[in-house]
Amino acid sequence: AYLYPHQMRIVTPVARLLDSNPVIWSRLDRNRSGSEPQDAHASPRVDVTDPAPKSFRLDRRRALVTGASRGIGRAIAVGLGASGADVLVHYHHDDEAAARTLHDIEHCGGTGSLVQADFLDPADVSRLAGVALFKGAVDILVLNAAIQERRQLADVDHALFQRHVDANLWSALALLQ
């Protein structure tokens with residue numbers, strides 16, 4: 001299943017900013033050209049050639065986007081970069097997808113950097129927070145990363161539930177603090 005820009009009309013302040021900026025959505029997915037992405041995990045290429053309108057500028061703002069190597073997190077990270085924010089691109093394991101996201105941010109005239117962290121490891125979450133705060137306060141925090149291991153209700157045990165709490169809730173709280 002793929003999410004395309006017309007399906008990403010989610011209701012959050014950042015999404016509203018991105019959704020109302022046609023420059024960001026100028027060419028987010030390959031499907032508009034009639035072809036599906038070849039790899040289910042491949043991030044669509046972004047080709048944003050015009051700068052963001054002045055009303056959407058986020059110059060001198062720092063953003064941390066978790067889970068920014070693909071999907072909605074990637075689109076938000078590129079959109080924030082195109083709007084002038086310095087974006088810290090968090091990813092879990094896909095170095096190449098994260099590098100493509102950073103490349104697209106830079107292609108849009110934005111700046112950013114990469115940081116890998118496993119949200120199941122509290123030390124990694126603490127390190128991510130330290131890296132994010134190294135240059136100063138984070139103005140925009142997009143908590144997009146999550147794990148989702150689906151099972152039948154009868155098959156959910158304490159260990160599985162705790163993994164979801166650690167990755168999806170505890171890591172978010174640690175970053176917010």
Side-chain angles (χ1 to χ4, degrees), residues 1-3 7-8 10-18 24 39-44 46 58-106 108 110-177:
Y2 300 101
L3 289 176
Q7 296 170 315
M8 292 188 213
I10 57 180
V11 184
T12 65
V14 172
R16 273 187 247 130
L17 167 83
L18 299 176
I24 294 168
D39 178 4
H41 298 292
S43 295
V46 175
L58 296 171
D59 297 322
R60 296 182 308 280
R61 302 286 185 187
R62 297 189 60 248
L64 167 58
V65 181
T66 67
S69 62
R70 63 184 189 169
I72 293 173
R74 179 179 184 282
I76 291 172
V78 172
L80 290 169
S83 295
D86 180 33
V87 183
L88 183 59
V89 175
H90 160 262
Y91 67 100
H92 177 230
H93 64 276
D94 193 342
D95 298 331
E96 291 179 17
R100 284 193 302 271
T101 299
L102 182 59
H103 174 269
D104 288 341
I105 289 169
E106 292 169 346
C108 296
T111 60
S113 55
L114 301 175
V115 62
Q116 186 280 333
D118 180 355
F119 280 7
L120 290 171
D121 181 352
D124 259 13
V125 176
S126 294
R127 182 182 54 79
L128 172 60
V131 168
L133 294 173
F134 180 73
K135 291 183 182 177
V138 172
D139 302 297
I140 302 164
L141 175 60
V142 179
L143 298 169
N144 176 68
I147 65 168
Q148 186 178 50
E149 298 174 17
R150 294 181 182 202
R151 302 232 180 109
Q152 294 294 322
L153 184 58
D155 297 331
V156 174
D157 59 9
H158 183 268
L160 177 67
F161 187 78
Q162 190 62 49
R163 283 175 49 85
H164 283 79
V165 168
D166 289 346
N168 301 341
L169 299 175
W170 180 251
S171 62
L173 176 63
L175 291 173
L176 285 168
Q177 291 175 335

Rounded distance (nearest 0.5 Å) linking atom CG of Leu102 with atom OG of Ser113: 7.5 Å
Rounded distance (nearest 0.5 Å) linking atom CZ of Arg151 with atom CZ of Phe161: 13.5 Å
Kindly compute the distance separating CG (Asp94) from CD (Gln116), expressed to the nearest 0.5 Å. 11.0 Å
Heavy-atom donor-acceptor pair, Asn168 side chain to Ile147 backbone, under 3.5 Å: yes
Given side chain to side chain contact (heavy atoms under 4.5 Å, CB included), test Leu176 with Leu143 step by step and report yes or no. CA-CA 9 Å; Leu176 285 168; Leu143 298 169; 4.3 Å; yes
Take a 6.0 Å sphere around CD of Glu96 and say whether it holds more than 12 heavy atoms from other residues, nucleotides or ligands. no
I need the minimum non-hydrogen distance between Leu114 and Ala98, along with the two atoms involved. CD2-O, 3.4 Å
For Asp139 and Arg60, the nearest pair of non-hydrogen atoms, with its separation, is OD2-O, 3.9 Å
Looking at Arg62 and Gly136, would you say the former's side chain and the latter's main chain have a donor-acceptor pair under 3.5 Å? yes
Taking all non-hydrogen atoms of both residues into account, name the closest pair between Thr66 and Ala145 and its distance. OG1-N, 2.9 Å
Between the CG atom in Asp121 and the OG atom in Ser126, the distance rounded to the nearest 0.5 Å is 8.5 Å
Using modelled atom types only, decide if a donor and an acceptor are shared between the side chain of His90 and the backbone of Val65 within a distance under 3.5 Å. no
side-chain hydrogen bond (donor to acceptor under 3.5 Å, both in side chains) partners of Thr111, counting only residues at least two apart: Asp86
Residues at least two apart in sequence or cross-chain that pass salt bridge (Lys or Arg N to Asp or Glu O under 4.0 Å) with Asp124, listed by chain then number, are Arg127
Side chain to side chain contact (heavy atoms under 4.5 Å, CB included) for Asp104 and Arg74? Distances and angles first, verdict last. CA-CA 10 Å; Asp104 288 341; Arg74 179 179 184 282; 2.3 Å; yes
As an exercise, state the distance from CD of Glu106 to NE2 of His103, rounded to the nearest 0.5 Å. 7.5 Å
Verify side chain to side chain contact (heavy atoms under 4.5 Å, CB included) between Asn144 and Ile76, making sure each step is shown before the conclusion. CA-CA 9 Å; Asn144 176 68; Ile76 291 172; 5.5 Å; no
Judged by atom type as modelled, is there a donor-acceptor pair below 3.5 Å linking the side chain of Thr101 to the main-chain atoms of Ala68? yes
Where Ile105 and Gly81 come nearest, the two heavy atoms and their spacing: CG2-CA, 3.9 Å
Residue pair Ala174 / Val125: nearest heavy atoms and the distance that separates them: CB-CG1, 3.7 Å
Run the numbers on Phe119 and Leu175 for side chain to side chain contact (heavy atoms under 4.5 Å, CB included), then give the verdict. CA-CA 10 Å; Phe119 280 7; Leu175 291 173; 3.9 Å; yes
Point-to-point distance, once rounded to the nearest 0.5 Å, from CD of Gln162 to CG of Leu169: 9.5 Å
Let me know which of Leu128, Val87, Val142 forms a side chain to side chain contact (heavy atoms under 4.5 Å, CB included) with Leu64. Leu128
